[in-house]
Amino acid sequence: MRKILFALVASIFSFSAMAGGHADWFKEAGAPYKGTVLQGVAENTPPGQFAGEVLAKEFEKLTGIKVQLENTSWDQMYDKAIKDMEANSGIYDFVYIEQDIVYDYLNRDFLVNITEGLANNPDLQAPGVSLDDFTTFIDYFKDGSGDVFGVPMEAFIKVYLYRKDLFERADAKAQFRAQYGYGLTPATSFDQYRDNAEFFTHFCAAEGMECWGTTVQGHTGHPASTYEFLESIAPSFGLYNWGVNMDSYQSCVENGGQLNGGRAKAALNFWTQLLPFAPPEALQSTWSEVGSSFAAGRAAQGWVYGENAAWIATDAEKSAVVGNVGVMLPPTAPGVMTQAASGNGYIGYYDGGAYGIPHSSKNKEATMLWLQYVALNEHQADWAIAGGRITHKGTYADPKVMAVDEQADGYFTLMRDTGFLYAGAPPFPFHGAGRGAIDPFIYSALAGEMTPEEALDGACQALDTVMSDLGYQN
Amino acid sequence: MLSKNKTGWLLLSPTILILILVGLVPFFYVLYVGFFKWNPLAVDPSMQFEGFALNYRRLIFDEVFLESIWRSIKFSVVTLTLELTLGFLLALSLLSSFPLKSFFRSVHTLPLVIAPIVVGSIFKLFTVQGLGPLPHLLKDYFGYTLNYGLNADQAFWMIVIMDVWHWTPFVTLTLLAGLSALPQDPYESAKIDGANNFQIFVHITIPMMVPVLIVVIFIRLMDSLKIVDEVWMLTGGGPGYATRFTGIHIWKEVFEKRYYGLGSAMSILYLYITIVICWVLYSVMVSRGKNED
């Protein structure tokens, strides 16, 4: 909350600063739409909260256009947005488009072409907003001809967080060396990761601390676990695009895919074997709970979404580990880093999303003003601090962001310098159906009802059935 | 007379219109869609007719769907048995006087006014590993590990407990109303004839309560067969398929995987099964009631 308040105060200053710049333009451009109420739906993330609680209020003050942003759970967000767009009911004027769902939305022609819309309405083109200011993340929201269908509002990478205070304890270092025969350091390999996890689970128990060796985003009834496997664990083992052969749309090894191949099975084995070293809530944890567990000091290390990294490292009101958070790239299998650097692979998803306008919106022009407002450079630094996200190139160099970067052990610098090693989700228009086919097998593997091998054999068959059923296989 | 009928139809027409719009139209639309192969995520996103009742034929061999039905029936039987037993006992106890009776009745009724999704949240907060007090208490005092994210049986029974907590007050109140309205003459005659309390309960109370019991059983049976919200919040249908009841399964097929045609067929088939179960149950109860008369 303090972070939001700080951001609110900061944004009032930037709002005043903007008064001499773009404020007049927005005031004038918004005048015809004064009194309009824009409805939006998005996932309840720190960046979404900032947009709803800070930017929306500023925008209303400036233009008289009220923005009601409904920040809700991930499932509800999709449920509401998709039903609205399918029924063409026009409830929402803008919707959150997660990077992995954009191909589905474009395929189904849900979204307004923002480039075209602005080109046809030059009066709506805000000064100070340039597509060139965005990082390359905006490319994920373009169609084949380069037109933009979504304005990025959050982008982050999933990083390896570790507890510096635990890793630097002299007694822990000594015990670890005695037990494993090498020095205790943050993990750069999977074996080391596992050893660290095992060690800290026992170390914490012996010290009477409520902490465990690693986070695991392992909810056994929520897609968050499938996401952790497919977008973080599997790629770091060298399994890309869910193991789907992108030419034939087959995922089983016997048909040319890799979802039940050696790398996939090694990855799932590694991941499920971490469960004894994870906090007991791991099997009921989605991305939010993983962030909360780490912030509560209940894990020594883990894969954590970047949207949570900044507040975990800096917000003492919500986090018990402020000042003790280390940030690194996650461990990878040999060769994966080279493949990622050359563009032939990736070490995890470059996550995030954008605001887009459904065709069904009844207030497209006013919404375009709002989307350009959120894209202004002036807001980006405070938004980055509040939400750990960066969508504009210039944000990295902002003094406020650099100060937080220092507190957050260089999270933003890591994102800037190594973001190219990450990649967006594979361009599957059948994303939801495919993931839904895989989910139960990942849940069963995590619950121990299936071995990782059985789970992946079943998952690839289920996924192949879906891809065949939907007509993607050649 | 004609004019009187016209007024009647005029007054009824809004209700009939609403029933047609929100009841019959969606039903026939779902029935219609169920005969098509339709997934908007497909290469061809349009509705395609690929043979008569293709989706229904496919469902006959769909193990996951059939298992979800079996799981839902099992869940309904278990919850119904527990809720009826507890509800009857509570209703009987509320017939007699005891200190703080009104207070107990009010508190006991509270779960009824809570929305199912909130019930799921409350149970999650109480029982989730790491945060909830219940796993801590069970571990500390009984050495029992509660982790329904891992243990399929625990997940199933946790949902049973949640449903019993939520809906037993409904059963209690309905049965209490029925018990309060029973005529006293048969009881007095039975006492004069020397019947004990158990005999009176079995041979007088239960038979006279059959109509109320039928209503309660039908309402709770239909509700429990379509359970979604609480399960969604507590386990999401997991671990694995352990709590993937038919309602959750249909939701996932339709709204996550976008199998609109198949999902519609599932809904219709499940509705049919529900009607059959209710009809069988009704026939059995009515025929038993007649025999006892």
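Chain identifiers are assigned alphabetically (A, B, ...) following the order of the sequence lines, protein sequences preceding nucleic acid strands; residue numbering begins at 1 within each chain. Predicted, not measured: the structure shown is a model, and the values here were computed from it.
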| request: Taking B:Lys37 for its side chain and A:Asp469 for its backbone only, find out whether a donor-acceptor pair lies under 3.5 Å. | output: yes

From [X] [atom1] over to [Y] [atom2], what is the distance, rounded to the nearest 0.5 angstrom?
X	Y	atom1	atom2	value
B:Asn39	A:Leu470	CG	CG	4.5 Å
A:Glu289	B:Leu131	CD	CG	8.0 Å
A:Glu86	B:Arg258	CD	CZ	5.0 Å
B:Thr235	A:Tyr443	OG1	OH	10.5 Å

| Which region of A:Pro279, side chain (C-beta onward) or backbone (N, CA, C, O), has a non-hydrogen atom less than 4.5 Å from a non-hydrogen atom of chain B, or is it both or neither? |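 For A:Pro279, neither part sits under 4.5 Å from chain B.
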
| Side chain / backbone / both / neither for A:Ile442 at chain B, heavy atoms under 4.5 Å | neither

Side-chain contact, heavy-atom cut-off 4.5 Å: [X] with [Y]?
X	Y	value
A:Asp79	B:Trp251	yes
B:Tyr241	A:Glu449	no
A:Phe430	B:Val43	no
B:Lys257	A:Arg435	no

| remark: residues 142-152 of chain B vs chain A, non-hydrogen distance cutoff under 4.5 Å, contacting residues -> B:Asn147, B:Tyr148, B:Gly149, B:Leu150, B:Ala152

| field | Within residues 116-129 of chain B, residues adjacent to chain A where the heavy-atom gap is under 4.5 Å | value | B:Lys124, B:Val128, B:Gln129

Inspect the surroundings of [atom1] in [X] and state if more than 12 heavy atoms from other residues, nucleotides or ligands are less than 6.0 Å away.
X	atom1	answer
B:Glu63	CD	no
B:Lys226	NZ	no
B:Lys74	NZ	no
B:Phe49	CZ	yes

Do you know which of [options] has the most heavy-atom pairs under 4.5 Å to chain B?
options	result
A:Leu283, A:Val466, A:Thr220, A:Asp439	A:Thr220
A:Leu275, A:Leu446, A:Ile82	A:Ile82
A:Pro280, A:Ser444, A:Ala437	A:Pro280

| Engaged part of B:Pro40 at the chain A interface, taking heavy atoms whose separation is under 4.5 Å | both

